[in-house]
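Comments concern the structure below.
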Amino acid sequence: MKKMSKLEAVLWSIAFPGFSQLLSGQYIKGIFFVILEFMINVNSHFNRAIMYSFLGEINKAESVINYQWLMFYPCVYMFAMWDGYRSAMPNEEKYSYLPFVFSAYFVTVGLMISPKFTIFNVHPGPVFLPMSFVIPGVLTGFLIKWILQIREKKLQS
């Protein structure tokens, strides 16, 4: 079983959910994440939506996407990332799940509002808007983690 760094685990999970689990020898969990990601990706037509979005054809991206399936993607993706991170982090580390959880929440909200959201006459669509919601999700998670850690230190002293 390969011991990975936290960064390596997260980067492999970003590349494809389940890869960090497979690399660390957690084969059942890794195969489960790969199958789940593949199933959601295929049924939501996410790759076609990504292709159309990068080509600037947001209306086509919205027309091919299946939102009912895609709604599962942020939570599965972020959970697989968190699980890979968790297997590499020190046991005493606390609250490190919060940036992953809040990213999943924010990306899901970004996905839900993406059909109606326009900013400065630009309609980012179902790929770019949820992607941009990762940043406030991570920042919110780190902020809450920081607050909880300060609170815990004050209670211990």
Side-chain angles (χ1 to χ4, degrees), residues 1-89 93 95-142 144-145:
M1 189 151 118
K2 181 184 185 318
K3 182 70 175 165
M4 286 187 276
S5 71
K6 295 183 288 187
L7 179 62
E8 184 181 4
V10 169
L11 290 176
W12 276 116
S13 290
I14 289 171
F16 202 95
F19 277 9
S20 69
Q21 289 80 7
L22 291 171
L23 288 171
S24 66
Q26 301 172 2
Y27 300 115
I28 293 172
K29 195 187 303 185
I31 290 168
F32 175 73
F33 282 136
V34 168
I35 290 170
L36 197 54
E37 195 280 340
F38 182 78
M39 192 170 71
I40 293 168
N41 194 306
V42 167
N43 286 301
S44 68
H45 310 287
F46 194 38
N47 284 348
R48 285 177 43 201
I50 291 170
M51 182 187 72
Y52 287 136
S53 294
F54 274 87
L55 292 173
E57 299 175 2
I58 302 300
N59 291 333
K60 279 187 180 180
E62 287 179 322
S63 70
V64 299
I65 207 80
N66 182 326
Y67 287 92
Q68 294 299 316
W69 274 97
L70 193 57
M71 293 291 289
F72 290 106
Y73 201 73
C75 291
V76 169
Y77 198 83
M78 289 299 170
F79 182 77
M81 244 189 279
W82 153 244
D83 185 72
Y85 181 90
R86 182 178 59 130
S87 67
M89 74 181 201
E93 188 173 328
Y95 309 119
S96 58
Y97 59 89
L98 289 168
F100 297 96
V101 169
F102 279 93
S103 288
Y105 293 158
F106 277 62
V107 171
T108 302
V109 169
L111 182 59
M112 288 189 295
I113 67 171
S114 68
K116 304 248 182 212
F117 188 87
T118 301
I119 185 165
F120 304 118
N121 287 331
V122 174
H123 180 59
V127 174
F128 294 124
L129 185 66
M131 280 173 46
S132 67
F133 275 44
V134 168
I135 296 165
V138 167
L139 293 176
T140 301
F142 276 123
I144 293 171
K145 176 183 173 183

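When reading the values below, keep in mind they use all heavy atoms of this one structure, side chains included, and skip hydrogens, waters and symmetry mates.
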Which atoms form the tightest heavy-atom contact between [X] and [Y], and what is the distance?
X: F33; Y: D83; answer: CE1-OD2, 4.0 Å
X: G18; Y: A80; answer: N-CB, 4.3 Å
X: L98; Y: I144; answer: CD1-CG2, 3.9 Å
X: V64; Y: Y52; answer: CG1-CE1, 3.8 Å
X: S114; Y: P126; answer: OG-CA, 3.6 Å
X: S53; Y: F128; answer: O-CE1, 3.2 Å

Answer yes or no: are there more than 12 heavy-atom neighbours, outside I113 itself, under 6.0 Å from its atom CD1? yes
Residue I28 excluded, over 12 heavy atoms near CD1 under 6.0 Å: no
Test of understanding: with side-chain hydrogen bond (donor to acceptor under 3.5 Å, both in side chains), list the residues that count as partners of [X], not counting sequence neighbours.
X: R48; answer: none
X: Y67; answer: none
X: N47; answer: N41
X: S13; answer: S20

To the nearest 0.5 Å, how far apart are [atom1] in [X] and [atom2] in [Y]?
X: K145; Y: F102; atom1: NZ; atom2: CZ; result: 13.5 Å
X: M78; Y: F106; atom1: CE; atom2: CZ; result: 12.0 Å
X: W12; Y: M81; atom1: CH2; atom2: CE; result: 14.5 Å
X: L70; Y: I65; atom1: CG; atom2: CD1; result: 4.5 Å

In short, side chain to side chain donor-acceptor pair (under 3.5 Å) pairs touching residues 103-113 with sequence neighbours left out are none
Heavy-atom check, side chain of Y85 versus side chain of S96, under 4.5 Å: yes
Would you say the side chain of R86 lies within less than 4.5 Å of the side chain of E93, judging by non-hydrogen atoms? no
Using 30° and 60° as the class limits, which term best fits the ring planes of F100 and W82: parallel, tilted or perpendicular? tilted
Any donor-acceptor pair under 3.5 Å linking the side chain of E37 with the backbone of F16? no
Which of these passes side-chain contact (heavy atoms from CB on, under 4.5 Å) with I40: F46, Y77, F72? F72
Any pair counted as salt bridge (charged side-chain N to carboxylate O under 4.0 Å, His left out), so long as it reaches residues 58-73, sequence neighbours left out: E57-K60
